[in-house]
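Written out below as structure tokens is the structure these notes cover.
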Amino acid sequence: MPVLTLQRSYKYIMYATKQPSLRIKQADLKCKSGCGFYGNADWEGYCSQCYRNHMDVERQKKSHNSQMPDQSRAQMSGFTKFEEKKRQQTDKKNKYLKSLPVFRKSSNVKDSGRPEKYIDIMRQANPDANKLMVEFITQYSQYGDIVKKDFFKCSQAFSNKVINELEVKPIEDLAETAQNYYNLYQNRVNSNSIYEDVPSEIREKLVEFFEKYTMIILYSFLFCPPTTNDEEKDLAIQNRIRKLSWVNAHHLDCCISETSIEVRDLVYTAINDLLGMDSMKAPLEKLACVVKCCRSVVEVLQHCQGGPVSADEFLPALIFVVLKANPARLKSNILYVTRFCKDSRLMQGEAGYYFTNLCCAVSFIENLTAESLNNMPEQEFEAYMSGELTCVSAWESALVACEGMHQLCEHLAFLKELSERTQIVQNTTQSLRDDMQKLKEGICDSVESVLERTPLIIKPRINPLTLTKEQLFTQTTQYGPQIETTNEVNTCTDTDIGQNYYLQNLSLTQINALDSTKNKLQLDITPCITLPEISKALNSNDFLSSSSAVDNKSIESITPDDNSYLGLSKVNYDIDFSDLSTENSVAEDLTPEKRKSPTPSFVIGDPFSPIGGSCPIAQTPLVPSSVFPQIESKNDGFVLPFLDDTEENVEDSLLDKVEVAPSASLPAPLVPTSSEYSGFSKQGSRIPNIPCSTGDFSSLNFAGNSNM
Amino acid sequence: MATNRTGTAQRPNGATQGKICQFKLVLLGESAVGKSSLVLRFVKGQFHEYQESTIGAAFLTQTICLDDTTVKFEIWDTAGQERYHSLAPMYYRGAQAAIVVYDITNQDTFGRAKTWVKELQRQASPTIVIALAGNKQDLANKRMVEYEEAQTYADENGLLFMETSAKTAMNVNDIFLAIAKKLPKNEQTTGQGGSAQGRRLAEGDAGAKTAGNCCK
């Protein structure tokens, strides 16, 4: 007996209501009578045993003084009139109940001879119990009628016993009775032959079911019984929490972000779970609600901080949730679970842990001081508590204000967001409009500029040609080296088709232009093509090469003549020879000098190909200046005799065929140069001289000079 | 005496071999000394950054095998902040073991640890096994609490003592193993899922007593 009472008293340490200091001092916990056991504020500072003795003494005293001796358990110092009235009513009820024979009969545990009437009352009062009975039958009937009968026999015995003792024993004794019965039934399930066939898991379930079933039957008698001051405690804690409504997460050092909508939703879930506790009847179910709530809190914390949720964060968060939920009959629920839930369930396991946390949270709220709220100044705390100061947070407005206000806030926020979006859309629309305007203007401008440019092109046809020449010039310089090495047009085509194509096109356009205005073209081209490379590249284009040749030798001499047509024809020959005989690079180097002294180019050219080919080039330009008119007349005739291959080229298409022609002609000229040149000689009287002087600069120079 | 009752009530009569023992273990210590990291390391073999998303670290269980006994630890974390200190008795009520954690780089936490130990010795079950853990051993170069000092204190008070590191896992399993070895397994009840025999004995014992006392 002492051991057990000690257990109970120890259990109730956690509900000590007065803890002014942060620490529990040992002296505070001890029984007032000095017996060495722990006391409890609920028992006026006595341990359970001393309290009982004390109560017995009190009761005896009262029985002398009053007519209602049995109702002296709840001795509270602070009686209000209301409470007194309530208690008197209770007493009357007790008196009435006691007058009934049913309740006077002291029945034993095993005494199953309870009145049928009473069972009917219980059943009527507990539709849930009927549901459970059906559930039991469906779930466990397979284990036989004996199990079922025994189960109901035990549960009825238990409930009967509790009801019989309801008015004569304090609630703590009833709680102990309940614990005893749980244990008895468990022993019975585990040892009695009736339950032999039941598997061990089902036995566990049966024990749980027993607790659940009996508690649902007895709920209305045992929950917040009128003989206790549980209701006052409920009101007290409710008021306390209401007063503390200004406490926010920051005060508790809790990382819950109150403004986040997602977090708030999760907190609402937790709050709902906690509020749901009150609607459950069996302690087990209430416990399940607590576990659910606490898991939601863990979820909230995980959402807020990430990572593992330790008790350092969990407890403040739970306190926050309890403060914001302010559950109805919180204290009654906690006491009910503590009293009538199986002890072992509260001492261990997840449910036990979370329930302990809830008790801690409630205890903390009850004893909360300024010091425990982030060391808030005492005056500020007092001001808040007295309502002088108000602290309005997003959370408060969301929770305290009516649903309509809350919705209004949310809608306003939503509208704000919408207007922002609209603004963005408008801005982008404007920018798009601007862009379109700019684009339109840009198009107009470009069209105008094109229109401005185009007449220039159209009117003076020379202009575009010069442009193309420049382009040609630059491009050919780029491509020059390749062409240099390969004097042959064929190789050019091989190495760079694109270039050739370009050149062809150019040449073709130019040729076309030439057809129309041959003279001018010739003029224009010649100055541009100073580089030998171009001439090479232009090998394909007879006229170009010719121009280069002309250029090299003496532009002035040609220009005055303006006989492009003739010049072209001449050029063909010149190019062919120049290609064959000399490398352009040499000529290139010499270009600057050429105008004044074209001879050196040939001097250098000689070592490579001393053939007379080089000479004709040098001469040809020189020659035409004087001979142009003649050549002009001879043009066709001139070509034909010179080379059979080249004849066609000149006539048909300067580019393509000429290109081919030189390649064919290349080998040829070397060998038959003399013969060729003989043919050439027809052209200019001086040409024959040149072959002779192939090696000699002097002759060339001389000839050039003479020509000049 | 007063603190005796929990132990006596839970003591079953017989010891069985190959049984499952369940112990409630409470973690005490100042906040941020690494209580939960220590447990997470023990339970999940993880340091906190790899914590899986659905589980809180406040309540965890871990089973270890010790010779022929399976020891199931049920670990209750407590809030370490000073303001919650007064709530601690609710947590260590009925606990068979406690680990008091301090941070070796912080002398204050060691002072708090001493307070916890004193309180446990005074208020908790007299059979409770108390272990002192100097955590954050990996930061030994910033040490503020000397090993010898703590060892001496532990010896004087009959505590298990180890310096641990949740980060490197040093001594984490060892300290739990040491506790498991020290716990009186033959006197220990089994919890849910334990052998029916031990449980029945335990509760039968209690039930018989209560029946005798309260129900005439």
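Below, chains carry the letters A, B, ... as their sequence lines are ordered, and counting in each starts from 1. Since the model is a prediction, treat every value here as computed from it, not as a measurement.
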Any donor-acceptor pair under 3.5 Å linking the side chain of B:D77 with the backbone of A:A311? yes
Are more than 12 heavy atoms, taken from residues, nucleotides or ligands other than A:K292, located less than 6.0 Å from that residue's NZ atom? no
Should we count NZ of B:K182 as having more than 12 external heavy atoms under 6.0 Å? yes
Which atoms of B:A88 are under 4.5 Å from chain A, going by heavy atoms: the side chain, the backbone, both sets, or neither? neither
Which atoms of B:T78 come close to chain A, meaning under 4.5 Å heavy atom to heavy atom: side chain ones, backbone ones, both, or neither? backbone
Please report the C-alpha distance between B:R83 and A:D253 in whole Å, then the side-chain angles of each, then the deciding distance to 0.1 Å, and finally whether the side chain to side chain contact (heavy atoms under 4.5 Å, CB included) criterion is met. CA-CA 11 Å; B:R83 66 172 84 163; A:D253 259 348; 3.4 Å; yes
From [X] [atom1] over to [Y] [atom2], what is the distance, rounded to the nearest 0.5 angstrom?
X     : Y      : atom1 : atom2 : answer
B:W76 : A:T356 : CH2   : OG1   : 3.5 Å
B:I75 : A:Y353 : CD1   : OH    : 11.0 Å
B:M90 : A:S363 : CE    : OG    : 3.5 Å
B:Q96 : A:Q348 : CD    : CD    : 7.5 Å
B:R93 : A:C359 : CZ    : SG    : 7.5 Å

A:L301, part contacting chain B, at a heavy-atom distance under 4.5 Å: neither
Apply side chain to side chain contact (heavy atoms under 4.5 Å, CB included) to residues B:T61 and A:E350 and explain how you reach the verdict. CA-CA 9 Å; B:T61 56; A:E350 196 179 13; over 6 Å; no
Top of A:L315, A:D312, A:L373 for chain B proximity - count of heavy-atom pairs under 4.5 angstrom: A:D312
Parallel, tilted or perpendicular, as decided by the 30° and 60° cut-offs, for the rings of B:Y84 and A:F364: tilted
Quick check: closest heavy atoms across A:G349 and B:F59, and the distance to 0.1 Å? C-CZ, 3.3 Å
